[in-house]
Every structure is written in C-alpha cells, then in structure tokens.
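Structure record follows, encoded as structure tokens.
For this chain, numbers begin at 1 and follow the sequence in order. Side chains included, hydrogens not; waters and symmetry mates left out as well; all remaining heavy atoms used. Note that the structure is a prediction, hence the values are computed from the model and not measured.
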Amino acid sequence: MNRNTLLLISGAVVLLLAGLVFFMLRSDDDAALDQFRELAGNPPAAREIDMSVLDSLQFQSTGEGGMMPLGELSFDQIVALLRRDYAKNIANRAVQVDMLEELIRQLQRQYPDNWVAKLQEILYAAFPELAGDLFRLSQNLYEFNRQVEAERDKINAMSADDRRAYLWELRNSIFGADAASEIWANERKREQLSAQLRTLAQNKDMSVSQKAESFREAIDEAYGPQANRLLENRRPELTNLFFDQVQTDLAAMPPEERRETYRVIWKEMGYDSSAVERLDQLETTRDERWSNGAIYETRRKEIASAYSGAEREAKLAELRKELLGEEADTVRAEEESGFFRFQRTRRYGRD
C-alpha cells in the first residue's frame, strides 16, 4: 500500500471520526429537544404528594449561609420542596426561570437518560395548573442555554455592548420580547442604571456630590418601592460601582475635599451616621497605608539598585517592618510572586 493511499485512508478516518463526534453531540441535543416536543402533547396525570415527606429530609450547610438537602432526593421530596420554596411566587416568570434552571441541573445529574420526562412529571405534580406553561418555558430555557454554550467563544470575544445586544436579541427570539423583558427585568434595570451612571460620570458640569445625588435618584426611579430594599441588600456593591466611575474626579481633588466628598457619597447611598464614621476611620487607615506605601516604594527601589544578595534582602525586610507593620510578610510574598501593590493606581474610596 503506497503512501498516498495511506494518507487518503487516514484523512477519511479523521473525517469519519469528526462526523461521528458531531453526530453524537447533535444527537444528544436533538434527543432532548425531540423529547420536549413529543411530551408537550402528552401531559402526564397529576400525582398527589404528601408534604410530610419533607419531615424525613436531612440538610447540610452550603458553606455560604444556606442549607441544602443531604443525599439524593426522591420524586415526592423534589415535588414537596418545589411547592414549599416556590408556590408563593410561582406566577412570577423570573422566579419560574430560577426554579427551572436549578431543577433541570439536578435532574440532568440524577436522570441523565430521561430527565425531560422526569421534569414534566415533576412539574405536573408540583404545579398542575401551570405545568404546561412551565414545561414550554423549560424547553425555551434549554434551547437558550444550549445556543449560548455553543457560541460561548464568539460571545466572549464581543464587546460588552455587543454582548448585551446579542443576548437580548437571542432572548427575544426564543422567549418572545414580553416574556424576556419580564424574566430579565432586573438585569434590564441594572443595565439601564449602569448606562445612566456612565453618562453621569462623563458630565464635566456636575460635581461628584451632584453625581451621587443623581445616581441615588436614578436608583429610586428604576426600582421604585423596591429601591430601599435593593440598597439594603447591595449597598456596598452599588457604592463601589459609583466610586469606580468617578475615580478621575476624586484623584484631582485635594485630600480634605476628597474626604468630604466621600461622606456625601456614603450618605446619599443610605449609610447611617455610625456607618459613615466607621467608613471615615477606614479611609484614615487607607490614607496612612498609601502614604507609607509611597515612601516604601521609593526607598525599595533605592535599596534594590544599591545592594544585592542577602544584604539587599535584609535591608528590604527591615524597611517593610518599619513602614508596613503587620503587612510586611504579605507584601514580601506578593513581591516574590512579581506583584508590587504600591506601583498600581489607587482606587479612591475602594482601597
């Protein structure tokens, strides 16, 4: 058999294997979609579930302040948990999606070969009046996540604005514009809020204090009666989001004006007087750290250029202990890994 024949056979084998892999991937996806379509017209009979099955459940900590069931759940236990945790707000589409995403992940692990059928049975047992709609929503959700995963590299390569636009277009095409707006209402609000904040940050005619006041007004306008609850749950996150957008303004201020501006920002974001005092004390500590850090960085470079070997390391260790105190060992470890914290630009109000 000559070399050209071998090459042709090898190429054919490669193509065959590639086609087989593609077929297997498509088959797995298509099998789930086929099941969704077939079962949609054949709903199961609703089953009666005794909520007392929850009495036998044992729970373990998630490590994040929550609890999760211990061990594999039975059909009845899954249904009872869904009713317990979601019945009150099950009419809300966003709640439905949260529930279905977690349920689908669980069933794919527990019933890899027939998770779609199990999903339908569970939905009709848990919420019979909504089960048909929930099952259709499950199919849409599966198709959406499948397409996002298939195009992950393309999506990740997009700019932030293009990525948002693409995902909204995909949601609208699969779920319908009204349903997508309802399901991802909070995400839409966050995007609008971020856009308003970027516009505020670029306004050179407003002071930072005025921008903080306008940002708080934008939160109230976007979230209405839920604004205070949002701030209670995400106050540090939203405050840091604002600080990130006004770094240029803060860096240009004299230290005393900057500290007073901090206090205005904290108050606008709903921090009470005691919290403002604690944050102010924290900024005093941060200012001292960065002041010492600037001195340390200058002297570190001088020592690094004037000494070598063990003598240089000894002098650097002494300098760290003198200026950085308890952080000396941490800074030494950072520098050994190539990170020099005091060479980076300070984020005012953040660190």
Side-chain angles (χ1 to χ4, degrees), residues 156-161 163 194 197-212 215 234-269 271 274-351:
N156 288 339
M158 295 178 179
S159 67
D161 287 341
R163 187 182 307 118
S194 295
L197 178 55
R198 289 193 296 271
T199 300
L200 283 173
Q202 295 166 6
N203 191 328
K204 299 185 182 302
D205 295 327
M206 297 176 70
S207 68
V208 174
S209 297
Q210 290 172 325
K211 292 176 182 179
F215 182 52
R234 298 175 55 202
R235 198 184 315 279
E237 177 187 346
L238 290 167
T239 304
N240 289 339
L241 181 65
F242 180 80
F243 272 118
D244 285 343
Q245 293 293 329
V246 294
Q247 285 296 304
T248 302
D249 297 305
L250 294 172
M253 294 179 182
E256 288 303 317
E257 181 183 353
R258 184 163 53 239
R259 289 294 289 276
E260 185 57 37
T261 300
Y262 288 163
R263 297 176 73 89
V264 173
I265 294 170
W266 294 327
K267 289 177 180 177
E268 284 291 348
M269 297 305 296
Y271 287 97
S274 60
V276 169
E277 290 306 316
R278 288 195 300 272
L279 289 167
D280 194 59
Q281 292 171 9
L282 175 61
E283 284 304 315
T284 296
T285 302
R286 288 171 170 171
D287 284 345
E288 292 174 355
R289 181 188 299 133
W290 278 92
S291 177
N292 289 339
I295 298 170
Y296 167 76
E297 185 62 23
T298 299
R299 291 173 58 181
R300 183 191 67 78
K301 290 177 180 178
E302 293 172 351
I303 291 172
S305 62
Y307 300 92
S308 62
E311 185 177 12
R312 179 174 63 189
E313 294 307 314
K315 287 187 175 294
L316 287 175
E318 182 180 352
L319 178 64
R320 294 188 197 101
K321 183 176 181 181
E322 173 192 348
L323 290 174
L324 306 180
E326 295 179 354
E327 293 186 309
D329 288 340
T330 302
V331 171
R332 175 188 57 77
E334 289 174 350
E335 292 177 356
E336 287 177 353
S337 70
F339 175 70
F340 296 85
R341 66 167 64 181
F342 298 111
Q343 290 182 4
R344 63 192 174 93
T345 301
R346 180 180 178 183
R347 295 181 302 169
Y348 289 101
R350 297 289 310 274
D351 56 33

Heavy atoms only: give me the nearest [X]-[Y] pair and the separation to one decimal.
X      : Y      : answer
Trp290 : Thr345 : CH2-C, 4.4 Å
Ala328 : Lys321 : CB-N, 4.0 Å
Asn156 : Arg163 : O-NH2, 3.5 Å
Gly349 : Arg286 : O-NH1, 3.5 Å
Ile265 : Ala212 : CG1-CB, 4.1 Å

Got a donor-acceptor contact below 3.5 angstrom from the Thr261 side chain to the Glu257 backbone?
yes
Test item: Gln210 side-chain N/O and Ser207 main-chain N/O as donor-acceptor pair under 3.5 Å
yes
Please check if atom [atom1] in [X] has more than 12 non-hydrogen atoms from other residues, nucleotides or ligands closer than 6.0 Å.
X      : atom1 : answer
Glu318 : CD    : no
Phe340 : CZ    : yes
Gln343 : CD    : yes
Glu256 : CD    : no

Assess the pair Tyr262 and Tyr348: is the distance between their ring centroids shorter than 6.0 Å?
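So the answer is no for these two rings.
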Give, for atom [atom1] of [X] and atom [atom2] of [Y], the distance between the pair rounded to the nearest 0.5 Å.
X      : Y      : atom1 : atom2 : value
Glu297 : Phe342 : CD    : CZ    : 8.5 Å
Arg347 : Asp244 : CZ    : CG    : 6.0 Å
Glu335 : Thr330 : CD    : OG1   : 11.0 Å
Glu260 : Asp280 : CD    : CG    : 9.0 Å
Lys211 : Leu200 : NZ    : CG    : 7.5 Å
Glu288 : Leu323 : CD    : CG    : 12.5 Å

Could you tell me if the side chain of [Y] sits less than 4.5 Å from the side chain of [X], heavy atoms only?
X      : Y      : result
Phe339 : Arg344 : yes
Leu282 : Arg278 : no
Phe242 : Leu238 : no

Do the charged groups of [X] and [Y] touch, with an N to O distance under 4.0 Å?
X      : Y      : value
Glu327 : Arg289 : yes
Asp351 : Arg341 : no
Glu302 : Lys315 : no
Asp329 : Arg320 : no
Glu283 : Arg346 : yes

Within 45° of the axis and under 6.0 Å from the centre of the six-membered ring of Tyr271, does NZ or CZ of Arg235 qualify?
yes
